[in-house]
Colleague: 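So that we are looking at the same thing, I have put the structure below in structure tokens.
Keep in mind that this is a model prediction, so the values were computed, not measured.
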Amino acid sequence: MKRHFLLLCTCLLLSSPVCAADDPGSVQVNGELAARFSRLALDCVHREYPNKISHVLNSPADALPPSSLYPVFYGCFDWHSSVHGHWLLVRLLRTVPADQMPAEMRDEIIATLMQSFTAQGIAEEVAYFQSENRNAFERPYGIAWFLQLTAELRAWQDPLAEAWLNTLLPLEAVIVEHIKSWLPNLAYAIRLGTHNQSMFAFGLFLDWASVSGDTEMTDLVRERSMAFHFEDRNCPLNYEPSGEDFLSPCLMEADLMRRLLTQAEFAEWLQNFLPGIPRDGSGDWLETGIVKDPTDGKLVHLDGVNLSRAWNLENIAWALPPDDPRRASLLAASKIHADTGIANVSGEHYEGSHWLASFATYLVTRRGQPD
């Protein structure tokens, strides 16, 4: 019954944004489902356990609980999920009209963010990042989501957003420095379907650079992206998904390249890269991922691949000329993946509930497209 109700809410929520790719300003978020997504994030951003840490110990003194290592982003099972859980709360607070979310929930979101975003906590996070052997911590996935968080705050003209951004800026500076030191030394693209994938992170780096005005970051990411991907041909989409994917290597690459090419250039590049996209308006040309055990933290990744594919497909369609015959099939496949993915976003199993709502929020608020 819960699954059927969520699917109904999904259809109501997605009827505007997924089908309105010609109008990037038409985003409407259904308050009922936005409240459900917010509740999942609120229930985990300050929940310390269970927890999976990716932590280099430099001495016995580093054997500490997560909240002592990084006291802001210690919840939601791991650092990166905590970061995008906080992003979810900021994103929905910014985009959901006040009359579509209960006042008490908005107050709870603000109180939660106030509790998290403290100068002392961020100072300790900075110290963690600057410690020996931590240059690669959460690179690139987690740090890309952190830049998405600060990009969201930059784009929101609100006194609270300005105050929170100012609190986070010291950590942003360290993370940006780490990225700029890493990119010139990255000799090859990282074509995985999980956290280390470079294409997804590059897209978020570019979106942050656009909002922040950091032209050096834009130039670095553009140079690496074009070197890695401009000549790519015939991506084997039929090999996807792998058994633990939550990001599509092929579709995420196309979602990256549409940020860098003109409309005409992208349309031509896409024909060489994914020549099999139908022109008949069908949506069943790309099968959704199947999760057989939602209590398995790795297998449940396939719920995420359905959500991320949905936004990839929509973004790719949005970037093509209005009369491009591939658009209808891209949007039809996006709708199928969105319905499948969002129907499985619930609090039933923590293996998925600590992160899937962030992916769903990225999708339904069309965060990958310009405001």
Side-chain angles (χ1 to χ4, degrees), residues 38 41-49 51 53-56 58 61-94 105-181 204-205 207-209 211-214 216-217 354 358:
S38 297
L42 288 166
D43 288 349
C44 82
V45 291
H46 294 145
R47 175 177 171 179
E48 188 166 6
Y49 298 105
N51 204 297
I53 60 175
S54 178
H55 173 51
V56 175
N58 292 309
D62 283 340
L64 296 168
S67 60
S68 296
L69 296 171
Y70 25 81
V72 177
F73 301 115
Y74 62 85
C76 289
F77 190 71
D78 46 36
W79 192 89
H80 53 260
S81 298
S82 179
V83 169
H84 60 61
H86 284 85
W87 167 83
L88 177 159
L89 296 175
V90 171
R91 178 67 175 169
L92 293 179
L93 197 61
R94 177 190 172 206
M105 173 159 280
R106 294 183 69 86
D107 291 344
E108 185 179 358
I109 291 174
I110 292 171
T112 297
L113 295 173
M114 294 291 287
Q115 179 181 341
S116 292
F117 299 156
T118 66
Q120 178 60 37
I122 291 298
E124 294 182 41
E125 295 259 351
V126 167
Y128 183 84
F129 268 79
Q130 291 181 324
S131 296
E132 187 180 2
N133 297 316
R134 305 265 165 77
N135 284 345
F137 178 70
E138 287 288 348
R139 188 185 75 195
Y141 180 79
I143 57 177
W145 271 113
F146 180 84
L147 293 189
Q148 184 75 171
L149 171 59
T150 58
E152 196 70 48
L153 292 170
R154 274 190 166 85
W156 186 15
Q157 303 303 310
D158 183 272
L160 276 175
E162 182 179 0
W164 291 333
L165 175 62
N166 287 334
T167 299
L168 297 180
L169 284 178
L171 181 55
E172 180 190 79
V174 173
I175 284 174
V176 168
E177 181 183 358
H178 283 186
I179 294 170
K180 290 180 178 179
S181 297
L204 267 57
F205 293 168
D207 292 348
W208 171 85
V211 173
S212 67
D214 191 324
E216 181 185 6
M217 179 72 82
H354 76 273
S358 296

Colleague: For S212, enumerate each residue passing the side-chain contact (heavy atoms from CB on, under 4.5 Å) test, keeping only those at least two apart in sequence or located in another chain.
Modeller: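 side-chain contact (heavy atoms from CB on, under 4.5 Å) check on S212 returns R154, W208, D214.
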Colleague: Going by side-chain contact (heavy atoms from CB on, under 4.5 Å), name the residues that satisfy it together with S54, two or more places apart in sequence or in a different chain.
Modeller: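 If we apply the side-chain contact (heavy atoms from CB on, under 4.5 Å) test to S54, skipping adjacent residues, there are no hits.
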Colleague: State the OG-NE2 distance between S67 and H46, to the nearest 0.5 angstrom.
Modeller: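 If we round to the nearest 0.5 Å, S67:OG and H46:NE2 are 11.0 Å apart.
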Colleague: To check you understand the geometry: which heavy-atom pair defines the closest contact between L88 and S358, and what is its length?
Modeller: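 Heavy atoms of L88 and S358 come nearest at CD1-N, 3.5 Å.
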Colleague: Applying side-chain hydrogen bond (donor to acceptor under 3.5 Å, both in side chains), which residue pairs with at least one partner in residues 156-166 are found, sequence neighbours left out?
Modeller: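 For residues 156-166, and leaving out neighbouring residues, there are no side-chain hydrogen bond (donor to acceptor under 3.5 Å, both in side chains) pairs at all.
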Colleague: Name all residues meeting the ring-ring contact (aromatic ring centres under 6.0 Å, His included) criterion together with Y74; count only those two or more places apart in sequence or in a different chain, and write none if there are none.
Modeller: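 Residues passing ring-ring contact (aromatic ring centres under 6.0 Å, His included) with Y74: none at all.
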Colleague: Taking side-chain contact (heavy atoms from CB on, under 4.5 Å) as the test, write out the residues that go with Q130, two or more places apart.
Modeller: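 Listed in chain order: V126, V174.
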Colleague: Within the side chain of T150, is there an N or O that forms a donor-acceptor pair under 3.5 Å with the backbone of L147?
Modeller: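 Here the side-chain-to-backbone pair exists.
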Colleague: Distance check, rounded to the nearest 0.5 Å: E152 atom CD versus L149 atom CG?
Modeller: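 E152 atom CD to L149 atom CG measures 8.5 Å (nearest 0.5 Å).
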Colleague: Excluding sequence neighbours, so at least two apart, what forms side-chain contact (heavy atoms from CB on, under 4.5 Å) with I53?
Modeller: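 Per chain and number, I53 pairs via side-chain contact (heavy atoms from CB on, under 4.5 Å) with N51, H55, P66, L69, Y70.
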Colleague: Could you grab the distance from atom CZ of F137 to atom OH of Y128, nearest 0.5 Å is fine?
Modeller: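 Reported to 0.5 Å precision, the distance equals 4.5 Å.
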Colleague: Could you give the distance from CG (L204) to CZ (F146), rounded to the nearest 0.5 Å?
Modeller: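 Result: 13.0 Å between the selected atoms.
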Colleague: Quick check: closest heavy atoms across G75 and S82, and the distance to 0.1 Å?
Modeller: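 So the minimum-distance heavy-atom pair works out to O-CB, 3.3 Å.
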Colleague: Which heavy atom in G121 sits nearest to a heavy atom in P71, and how many Å separate them?
Modeller: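 Closest pair (atom of G121, atom of P71, distance): O-CG, 3.7 Å.
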Colleague: Strictly by salt bridge (charged side-chain N to carboxylate O under 4.0 Å, His left out), give each pair with a member in residues 121-143 just once, sequence neighbours left out.
Modeller: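 For residues 121-143: D62-R134.
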Colleague: Which residues satisfy the ring-ring contact (aromatic ring centres under 6.0 Å, His included) test with H80, sequence neighbours excluded?
Modeller: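 Per chain and number, H80 pairs via ring-ring contact (aromatic ring centres under 6.0 Å, His included) with Y141, H195.
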Colleague: Output every pair passing salt bridge (charged side-chain N to carboxylate O under 4.0 Å, His left out) with a member in residues 106-119, not counting sequence neighbours, ordered by first then second residue.
Modeller: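 As it turns out, the salt bridge (charged side-chain N to carboxylate O under 4.0 Å, His left out) pairs with a partner in residues 106-119, which skip direct neighbours, are R39-E108.
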Colleague: Once rounded to the nearest 0.5 Å, what's the spacing between atom CD of Q115 and atom OG1 of T112?
Modeller: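 Q115 atom CD to T112 atom OG1 measures 6.5 Å (nearest 0.5 Å).
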Colleague: According to side-chain hydrogen bond (donor to acceptor under 3.5 Å, both in side chains), who are the partners of S81, at least two apart in sequence or on a separate chain?
Modeller: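 S81 satisfies side-chain hydrogen bond (donor to acceptor under 3.5 Å, both in side chains) with D78 only.
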Colleague: List the residues meeting ring-ring contact (aromatic ring centres under 6.0 Å, His included) with H86, not counting sequence neighbours, and say none if there are none.
Modeller: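 Listed in chain order: F73, F117.
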Colleague: Rounded to the nearest 0.5 Å, what separates atom CD1 in I109 from atom CZ in R94?
Modeller: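 One gets 14.5 Å once the value is rounded to the nearest 0.5 Å.
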Colleague: What is the minimum heavy-atom distance between T167 and I122, and which atoms define it?
Modeller: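 Result for this residue pair: O-CG2, 3.4 Å.
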